[in-house]
Participant: 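There's a structure below that I have some questions on.
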Amino acid sequence: MSGRAPAIHAALQRLVETMQQKPACGEVLLAVRAPREGVEFFSHHEPRQFFIASATKLYVTALMAKLRERGVVDWAVPMARYLPDLDLRRLAVYKQTDVTERITVADLLAHTSGLPDYFEGRRADGATTFGRALAHDMSWNLADVITWTRELQRPHFMPGTPGRALYSDTNYQLLGAIIERQYGASFADVVEAEICRPLGLRDTYCFAPPTIARYQDVCAMKLGDRALNIPLAMASVGADGGIVSTLADSMAFLKAFGSGALFSQHIYRDIQAPWRRIFFPLRYGTGVMLFRTPWIFSPFRRFPDLIGHSGASGTVMFYAEAWDTYVVATVNQVAQRSLPYQLMMRALAIAAPAARD
């Protein structure tokens, strides 16, 4: 541990305590790894579990990379080829033409399919699946996702249009189905066998119907001032957002993902090109997010690019290659999605001062 590390640890602990005092925050958890400063900070050392929500997509990316390396799945071919048992006709209709067969596996990973988002996309009556679940907990399956996607507005663009991307959880439901068919097991079992067991992640699992009784053991997510009780919904999201983890396990996974321990450097480079705009200030590669701090947010400090993923539960899992620094954090708040980014950037400012100079 460097001479600066104790002061950095103390400052990070104060940051957590300050964030915890915000009425909007649920339970605040933070982990930072910055080897250059000798920092290995965990605000909680006991295995406190939380929903990582859409950061689950990093697990999907890792599994799809493994299938590509083994020559089992070709990302460049139509995704329907790997889902022959599903009726996907007219899932994507663009200018009165069924373009579903044009959607490749890579399009699903990169959100370039153009498919609307079954989870937060608005239907004709203005309702969303997310909104309905918040109002009254409910469950769904892949057949429901396909039906709801057809009912939503038509694709926003032709699949694979250069420079275009639309963030859609429908893509990752389909990827989850591909994973299950190629491995011949449930997504939850594949995550356990292919990622958790090899990495020694003892407190990570995919929340699903068989584990629904464990909902109360996970950090409560808040919607404003209200604690959410949506076990049926969380057991339904699967590959697009159902993983439960802890700070220690998430840090171990993030380090493995960023170091190339999970799949080859060749694929690792591929998933970072090109970056497409999804929603400010985030961009999307192929299964990963890029967070680039707008200069207006930090005019006097330069932060490196951060690669990883966030989740609507108030979770961020990102690493800065330029600083060799990793951050995992959650505020367990669904309504104010900027909060975890605020926590992450403040933690980075504290943890890597030498790298910033």
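From a predicted model like this one, the values you see are computed outputs, not experimental measurements. All values below come from the heavy atoms of this structure, side chains included, with hydrogens, waters and symmetry mates left out. Position 1 is the first residue of the sequence; numbering continues from there.
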Participant: Can you name the ring-ring contact (aromatic ring centres under 6.0 Å, His included) partners of Phe42, sequence neighbours left out?
Facilitator: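 Listed in chain order: nothing, the list is empty.
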Participant: Going by side chain to side chain contact (heavy atoms under 4.5 Å, CB included), name the residues that satisfy it together with Gln21, two or more places apart in sequence or in a different chain.
Facilitator: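 Gln21: no side chain to side chain contact (heavy atoms under 4.5 Å, CB included) contacts found.
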Participant: At their closest point, which heavy atom of Leu348 faces which heavy atom of Thr325, and how far apart are they?
Facilitator: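 Shortest heavy-atom separation between Leu348 and Thr325 comes out as CD2-CG2, 3.7 Å.
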Participant: Not counting sequence neighbours, which residues clear ring-ring contact (aromatic ring centres under 6.0 Å, His included) with Phe263? List them please.
Facilitator: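 Here the qualifying residues are Phe257.
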Participant: As an exercise, state the distance from CZ of Arg89 to CZ of Arg150, rounded to the nearest 0.5 Å.
Facilitator: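 Arg89 atom CZ to Arg150 atom CZ measures 8.0 Å (nearest 0.5 Å).
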Participant: Which heavy atom in Ile278 sits nearest to a heavy atom in Ala165, and how many Å separate them?
Facilitator: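 So the minimum-distance heavy-atom pair works out to CG2-CB, 4.1 Å.
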Participant: With sequence neighbours left out, which residue pairs that include part of residues 45-73 fulfil the ring pair (Phe, Tyr, Trp, His ring centres under 6.0 Å) condition?
Facilitator: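 Passing the test, one end in residues 45-73: Phe51-Phe207, Phe51-Tyr215, Tyr59-Phe253.
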Participant: Looking only at non-hydrogen atoms, find the nearest pair between Cys206 and Phe187 and report the distance.
Facilitator: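 Closest pair (atom of Cys206, atom of Phe187, distance): SG-CD2, 3.7 Å.
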Participant: Could you work out, with ring-ring contact (aromatic ring centres under 6.0 Å, His included) as the rule, every residue matching His111, not counting sequence neighbours?
Facilitator: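 Only Tyr167, Tyr172, Tyr284 meet the ring-ring contact (aromatic ring centres under 6.0 Å, His included) criterion with His111.
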Participant: Quick one: which residue pairs count as a side-chain hydrogen bond (donor to acceptor under 3.5 Å, both in side chains) with a foot in residues 22-32, not counting sequence neighbours?
Facilitator: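 Listed once each, the pairs are Glu27-Arg48.
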Participant: How far does OG1 of Thr286 sit from OH of Tyr268, to the nearest 0.5 angstrom?
Facilitator: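 Those atoms lie 13.0 Å apart.
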Participant: Give, for atom OG of Ser338 and atom CE of Met345, the distance between the pair rounded to the nearest 0.5 Å.
Facilitator: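 Output value for this atom pair is 13.0 Å.
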Participant: Kindly indicate whether the side chain of Cys219, heavy atoms from C-beta on, has any atom under 4.5 Å from the side chain of Gln49.
Facilitator: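 Sidechains of Gln49 and Cys219: no contact.
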Participant: Please identify each residue that fulfils salt bridge (Lys or Arg N to Asp or Glu O under 4.0 Å) with Arg337, with sequence neighbours left out.
Facilitator: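 With sequence neighbours excluded, Arg337 shows a salt bridge (Lys or Arg N to Asp or Glu O under 4.0 Å) to Glu120, given in chain and number order.
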Participant: For a side chain to side chain contact (heavy atoms under 4.5 Å, CB included) check, start with the C-alpha distance between Thr204 and Val244, then their side-chain angles and the critical distance, and finish with the verdict.
Facilitator: CA-CA 6 Å; Thr204 298; Val244 169; over 6 Å; no
Participant: Determine whether Gln272 and Ile307 satisfy the following criterion, side chain to side chain contact (heavy atoms under 4.5 Å, CB included), listing intermediate values before the conclusion.
Facilitator: CA-CA 9 Å; Gln272 295 183 57; Ile307 297 170; 2.9 Å; yes
Participant: My understanding is that only residues two or more places apart in sequence, or in another chain, count here; which of them pass side chain to side chain donor-acceptor pair (under 3.5 Å) with Asp189?
Facilitator: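 For Asp189, the residues satisfying side chain to side chain donor-acceptor pair (under 3.5 Å) (neighbours in sequence not counted) are Ser186.
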Participant: Does a sphere of radius 6.0 Å around CZ in Arg33 hold more than 12 heavy atoms from other residues, nucleotides or ligands, not counting ones at 6.0 Å or beyond?
Facilitator: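 Count over threshold, so yes.
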Participant: With side chain to side chain contact (heavy atoms under 4.5 Å, CB included) as the test, would you mind laying out the steps for Tyr319 and Lys255 before giving the verdict?
Facilitator: CA-CA 8 Å; Tyr319 56 92; Lys255 287 162 60 179; over 6 Å; no
Participant: Just verifying a value: how many Å separate Met158 CE and Thr112 OG1, rounded to the nearest 0.5 Å?
Facilitator: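 These two atoms lie 13.0 Å from each other.
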Participant: Could you tell me which non-hydrogen atom of Leu339 sits nearest to which non-hydrogen atom of Met19, and how far apart they are?
Facilitator: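 Taking every non-hydrogen atom into account, O-CE, 3.9 Å.
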Participant: Treating Gln173 as the side-chain partner and Leu142 as the backbone partner, does any N or O pair qualify as donor plus acceptor under 3.5 Å?
Facilitator: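 A pair under 3.5 Å: no.
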Participant: Assess the residue pair Val32 and Tyr326 against the criterion (side chain to side chain contact (heavy atoms under 4.5 Å, CB included)); give the C-alpha distance rounded to whole Å, side-chain angles, the decisive distance to 0.1 Å, and a yes or no.
Facilitator: CA-CA 6 Å; Val32 180; Tyr326 299 75; over 6 Å; no
Participant: So, taking the atom named CD in Gln216 and the one named CG in Asn229, what distance separates them when rounded to the nearest 0.5 Å?
Facilitator: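 Gln216 CD to Asn229 CG: 5.5 Å, rounded to 0.5 Å.
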Participant: Can you tell which of Ile103, Leu91, Thr149 makes a side chain to side chain contact (heavy atoms under 4.5 Å, CB included) with Leu174?
Facilitator: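 Output: one option passes, namely Leu91.
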Participant: With sequence neighbours left out, what residues match Tyr82 under ring-ring contact (aromatic ring centres under 6.0 Å, His included)?
Facilitator: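 Scan of Tyr82 (ring-ring contact (aromatic ring centres under 6.0 Å, His included), adjacent residues dropped) gives none.
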Participant: For the atom pair CD1 (Ile243) and CD1 (Ile52), what is the distance rounded to the nearest 0.5 Å?
Facilitator: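 Reported to 0.5 Å precision, the distance equals 5.0 Å.
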Participant: Let's go through Tyr205 and Thr211 carefully: what are the C-alpha distance in whole Å and the side-chain angles of both, what is the deciding distance for side chain to side chain donor-acceptor pair (under 3.5 Å) to 0.1 Å, and is it a yes or a no?
Facilitator: CA-CA 9 Å; Tyr205 66 97; Thr211 54; 5.2 Å; no
Participant: Among residues at least two apart in sequence or on other chains, which ones pass side chain to side chain donor-acceptor pair (under 3.5 Å) with Arg346?
Facilitator: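 Side chain to side chain donor-acceptor pair (under 3.5 Å) check on Arg346 returns nothing, list empty.
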Participant: According to side chain to side chain contact (heavy atoms under 4.5 Å, CB included), who are the partners of Pro209, at least two apart in sequence or on a separate chain?
Facilitator: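 Side chain to side chain contact (heavy atoms under 4.5 Å, CB included) list for Pro209, sorted by chain: Ala235.
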Participant: Taking the inter-plane angle between the rings of Trp140 and Tyr118 on a 0 to 90° scale, is it parallel (under 30°), tilted (30 to 60°) or perpendicular (over 60°)?
Facilitator: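 Because their plane-to-plane angle is over 60°, the rings of Trp140 and Tyr118 count as perpendicular.
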Participant: Shortest non-hydrogen contact from Ile179 to Val190?
Facilitator: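 Taking Ile179 first and Val190 second, the nearest heavy atoms are CG2-CG1, 3.9 Å.
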Participant: Given salt bridge (Lys or Arg N to Asp or Glu O under 4.0 Å), test Lys57 with Asp169 step by step and report yes or no.
Facilitator: CA-CA 9 Å; Lys57 293 178 174 66; Asp169 287 298; 2.7 Å; yes
Participant: Take Ser236 and Ser139 through the test side chain to side chain donor-acceptor pair (under 3.5 Å) and record every step on the way to the result.
Facilitator: CA-CA 6 Å; Ser236 301; Ser139 62; 4.8 Å; no
Participant: Has Asp225 got more than 12 heavy atoms of other residues, nucleotides or ligands less than 6.0 Å from its CG?
Facilitator: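 Open.
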Participant: Run the side chain to side chain contact (heavy atoms under 4.5 Å, CB included) test against Asn141 and tell me which residues pass, sequence neighbours left out.
Facilitator: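 Asn141: side chain to side chain contact (heavy atoms under 4.5 Å, CB included) contacts with Ala143, Asp144.
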Participant: Any idea which heavy atoms bring Ile267 and Ala65 closest together, and the distance?
Facilitator: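 Shortest heavy-atom contact: CD1-O, 3.6 Å.
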Participant: Between Asp305 and Arg292, does any NZ, NE, NH1 or NH2 come within less than 4.0 Å of an OD or OE carboxylate oxygen?
Facilitator: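 Looking at Arg292 and Asp305, the cut-off is met.
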